[in-house]
Colleague: 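Take a look at this one; I'll ask things after.
The sequence lines fix the lettering, A, B, ..., with proteins before strands; numbering per chain opens at 1. As a basis for the values below, the full set of heavy atoms in this structure was taken, side chains included, without hydrogen atoms, waters or symmetry mates.
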Amino acid sequence: MIMTTLSLPQTRQLHAQILRTTLFLDPTRLLSLYANHLCFSDADRLINSIQHPDVFSFSTLIHAYSKLGRFTEAITSFSRMIFNHGLLPDTRLLPSVIKACGGLNDLRGGKQVHGFSVASGLSQDSFVQSSLLHFYVKCHHMSYAHKLFDVMTQPDVVSCSALVSGYAREGSVKEAKMVFGMMAEMGIEPNLVSWNGMVAGFNQSRHHLEAVMMFQNMHFSGFKPDGTTISSVLPAVGDLEDLLIGVQIHGYTCKQGLGSDKFVVSALIDMYGRCSSTMEMSQVFHEIPDKDIGAWNALVSGFARNGLIDDALNAFNQLRNKELELNVVSWTSIIACCSQHGKDIEALDLFREMQLYGVKPNVVTIPCLLPACGNIAALMHGKAAHAFSLRTAISDSVYVGSALIDMYANCGRIHLARTCFNRMRVHNIVCWNAIMGGYAMHGNANEVIEIFHLMEKSDQKPDCITFTSLLSACSHSGFTEQGEQFFNRMYKDFGIKPRIEHYACLVTLLGRAGKLKEAFSTIENMPFEPDACVWGALLSSCRVHSNIKLAEVAAKKVFELEPNNPGNYVLLSNIYANKGLWKEVAKVRDLMKSMGMKKNPGCSWIEIKNKVHMLLAGDVSHPQMIKILEKMDDLSMEMKKLGCLPVTSFVLQDVEDQEKEHILCGHSEKLAVVLGLLNTSQGSTLQVIKNLRICGDCHDFIKFVSKFEQREIFVRDTNRFHHFKDGLCSCGDYW
DNA sequence: ATAGGGTTAG
């Protein structure tokens, strides 16, 4: 009949005529017409108007829904068929329903349908079996998939390929290869799709070497790779940083004329980026006639990956001026780039902007953004991102969870970090390390050790980062003996060889406790060539205990190993200044000058009413600066009244006392605290982040403020958190 | 009537 070619208006007209004239027509035909025209509302209304719809009518509708990926509607119709009309599916309907369950990743629903098919005997049908197998592979349920495979009477190449690629994607190398081998025994020739599934699967499970080897096997078996193969193997090549293979594959794609395949091109750019070949990367990019969004994204992240931040930002800005529509990957890449390279405020701005452009952040965007919030303690922004992940149901991801823990810990809200940790159902090593690192930064060694015991009781094995947290927590809290015990147990009980950073922790641990000689002999006897961190740890300990002699030894080494880090010179100079050795201070200053070095400018951040303020030492450009200085003067007066004189030994220069005081006024953490006092309500907590270690004078000043103004004040410096309350600091004045 | 493989963000 001509009916199959009717247009939508014609269909509607026909429908109207039927209703008017009670002309007989099988309603299912009409239904299928509506479904084919994607007129689901009409189709739905029609099926509801039929008094006794049959399975075939429902099948028509459900097939159409399933085919178009409208899985929820497919399932809804299916339930209505069963519960409202008491109809049962047949072998023709089940595959569509199972496909819909797979599309929704609804393992429970799929299992129910599976159960029904077994009970009703329909599971003998090869179509039903095949669709169930695909369903279980899709839902990462390989044991069920394999069971089904075993009962299949005549598995074909499609089912075999699905099983193989499923195993490969799960990282079950042995099983994937076994099934692949079985195919030959069963006389089933693997085809291009089988090979591609293998390569892509191994790539996705990060078995990069296996993926490349499969690619080579495929070549030896006489298969010609296509664009899909190439774009699946290139990420693996990039991860292995095997430029030689990469270049060969690049040559092959040119010869095969695959240069216009957008997947291949993006993968090539990405591969060169991962192999640190940025020149080749740019060249491939510039040679593309039609640069699609994937190519641009790969370019941006390639620059960022290689530390070429300005190039990445440039490329991103160029991309924004194109006609192309930016996708979530574009925004996430640039946000990650910013938050990983000290451009935290930019990252927050970009996050807001992407949403203004209607691009929805996803499960990757949030963990890319959160470090930026943590870096500058932008708690409100971090909380907003947290709320977003709860709303969009991505907070279950371990990536999101561990990033949230880090963020809250970095914002000084360790109890919120703990709440996030406790609420997570699955903890991987990153989560454990995040919460332990958080408590360590807050100087709460008891809690770190307690969590470590919880971890030991769970199945989670510690790694080297776990021990870095344990050791640094012990050193921040002065748990010297416990720290030494952990250091000794690392290898003995857990098989983890201490790395150089663990030795640095040990040096700090001993140094803080005043055991400078032991710290020094630790350095002399360690199995590595000591690096600047290790000597720097000793130098810092010498500052805490004012040991000039050892400080000079350590400084000499640090200057050799890290001649261009101004922080080291400042540290030594402060040690001299603390003892009033102004000649030596001047010497260090001249040395810095002769090397063309300047003290890194101190910088602090404070979030007030959702806005992050940045304050630079000595910078008077803040609009409220006059008020800040007035308040600071008042507070200094009060301090003097109470007999707390400012500690002037922490100033680098040898100047008159009054001027020293003036320089001290300019320290960024002080400015930030006072700005916070002026702009927040009485009694509320302040939170300041500083890019350098807090200075002694500011430390005293903030202790005083915490008591005088009755405020809790958190200051995070490069080392740790200082929690000021009632005139005391959680660091116990050792830092 | 059912069923197959791909890139770029952590």
Side-chain angles (χ1 to χ4, degrees), chain A residues 55-56 59-60 62-64 66-67 89-99 102 125-135 137-138 152 155-166 168-169 190-201 203-204 225-235 238 258 261-271 273-274 285 292-302 304-305 312 319 326-337 339-340 354 359 361-371 394 397-400 402-403 430:
Chain A
V55 174
F56 191 52
S59 295
T60 309
I62 294 169
H63 290 320
S66 240
K67 206 167 190 171
D90 56 13
T91 54
R92 295 178 177 199
L93 174 54
L94 282 175
S96 284
V97 176
I98 294 164
K99 182 192 162 123
D125 181 80
S126 66
F127 286 108
V128 173
Q129 286 173 352
S130 171
S131 51
L132 278 169
L133 182 128
H134 281 93
F135 162 77
V137 171
K138 171 107 208 310
M152 283 175 106
D156 58 358
V157 65
V158 179
S159 298
C160 291
S161 305
L163 200 62
V164 166
S165 76
R169 195 189 55 192
N191 60 19
L192 188 60
V193 177
S194 327
W195 281 105
N196 285 350
M198 195 91 144
V199 175
N203 176 45
Q204 282 159 16
D226 65 355
T228 301
T229 331
I230 302 295
S231 47
S232 303
V233 76
L234 278 175
L258 293 168
D261 184 319
K262 62 177 183 176
F263 289 96
V264 170
V265 178
S266 317
L268 271 172
I269 294 167
D270 178 63
M271 180 275 292
R274 285 176 195 267
F285 178 79
D292 87 313
I293 189 69
W296 278 100
N297 292 348
L299 185 78
V300 170
S301 67
R305 194 187 304 284
L319 165 61
L326 274 65
N327 61 21
V328 63
V329 178
S330 326
W331 290 101
T332 305
S333 312
I334 199 70
I335 288 170
C337 173
S339 66
Q340 285 162 12
M354 82 180 271
V359 180
N362 68 9
V363 67
V364 183
T365 317
I366 299 300
C368 290
L369 173 79
L370 285 171
I394 57 167
S397 147
V398 284
Y399 286 109
V400 173
S402 47
V430 183

Colleague: Taking any heavy-atom pair under 4.0 Å as a contact, classify A:Val363: base, sugar-phosphate, or nothing.
Modeller: base

Colleague: Just to be sure I understand the rule, does A:Ser231 reach a base, reach only the sugar-phosphate, or reach nothing, if contact means heavy atoms closer than 4.0 Å?
Modeller: base

Colleague: For A:Asp90, answer base if it contacts any base atom (sugar-phosphate contacts may also be present), sugar-phosphate if it contacts only those atoms, and nothing otherwise; contact means non-hydrogen atoms under 4.0 Å.
Modeller: nothing

Colleague: Does A:Asn362 have any side-chain hydrogen bond (donor to acceptor under 3.5 Å, both in side chains) partners at least two apart in sequence or in another chain, and if so, which?
Modeller: A:Thr365

Colleague: With A:Asn191, which residues qualify under side-chain hydrogen bond (donor to acceptor under 3.5 Å, both in side chains), at least two apart?
Modeller: A:Ser194

Colleague: Mind checking A:Ser131 for me? I need base, sugar-phosphate or nothing, with any heavy atom below 4.0 Å counting as a touch.
Modeller: nothing

Colleague: Looking at residues at least two apart in the chain, or sitting in another chain, which of them share a salt bridge (charged side-chain N to carboxylate O under 4.0 Å, His left out) with A:Arg169?
Modeller: none

Colleague: What does A:Ser130 touch in the nucleic acid at a heavy-atom separation under 4.0 angstrom: a base, only the sugar-phosphate, or nothing?
Modeller: base

Colleague: When all nucleic acid strands are considered with a 4.0 Å heavy-atom cut-off, which category describes A:Asn203: base, sugar-phosphate, or nothing?
Modeller: sugar-phosphate

Colleague: Report the residues that fulfil side-chain hydrogen bond (donor to acceptor under 3.5 Å, both in side chains) with A:Ser266, sequence neighbours left out, ordered by chain and then residue number.
Modeller: none

Colleague: With heavy atoms of chain A within less than 4.0 Å as the criterion, where does contact along DNA chain B begin and end?
Modeller: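 The contact span of chain A on DNA chain B goes from B:dA1 to B:dG10.
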
Colleague: Give A:Val128 one of three labels, base, sugar-phosphate or nothing, depending on what nucleic acid heavy atoms sit under 4.0 Å from its own.
Modeller: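 Result for A:Val128 = nothing.
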
Colleague: Counting the atoms with a prime plus P, OP1 and OP2 as sugar-phosphate, which does A:Ala162 contact under 4.0 Å by heavy atoms, base, sugar-phosphate, or nothing?
Modeller: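 Nothing, no heavy atom under 4.0 Å.
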
Colleague: For A:Asn196, check side-chain hydrogen bond (donor to acceptor under 3.5 Å, both in side chains) against everything at least two apart and list the hits.
Modeller: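 Here the qualifying residues are A:Asp226, A:Thr229.
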
Colleague: What is the nucleic acid contact for A:Ile269, judged by heavy atoms within less than 4.0 Å: base, sugar-phosphate only, or nothing?
Modeller: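 Nothing, no heavy atom under 4.0 Å.
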
Colleague: Find out whether A:Asn327 and A:Asn297 are in side-chain contact, i.e. whether some heavy atom of one side chain is under 4.5 Å from a heavy atom of the other.
Modeller: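 Result yes, sub-4.5 Å side-chain heavy-atom pair found.
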
Colleague: Looking for any heavy atom pair under 4.0 Å, which part of the strands does A:Arg305 touch: base, sugar-phosphate only, or nothing?
Modeller: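 If one applies the 4.0 Å heavy-atom cut-off, A:Arg305 turns out to touch the sugar-phosphate alone, with no base involved.
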
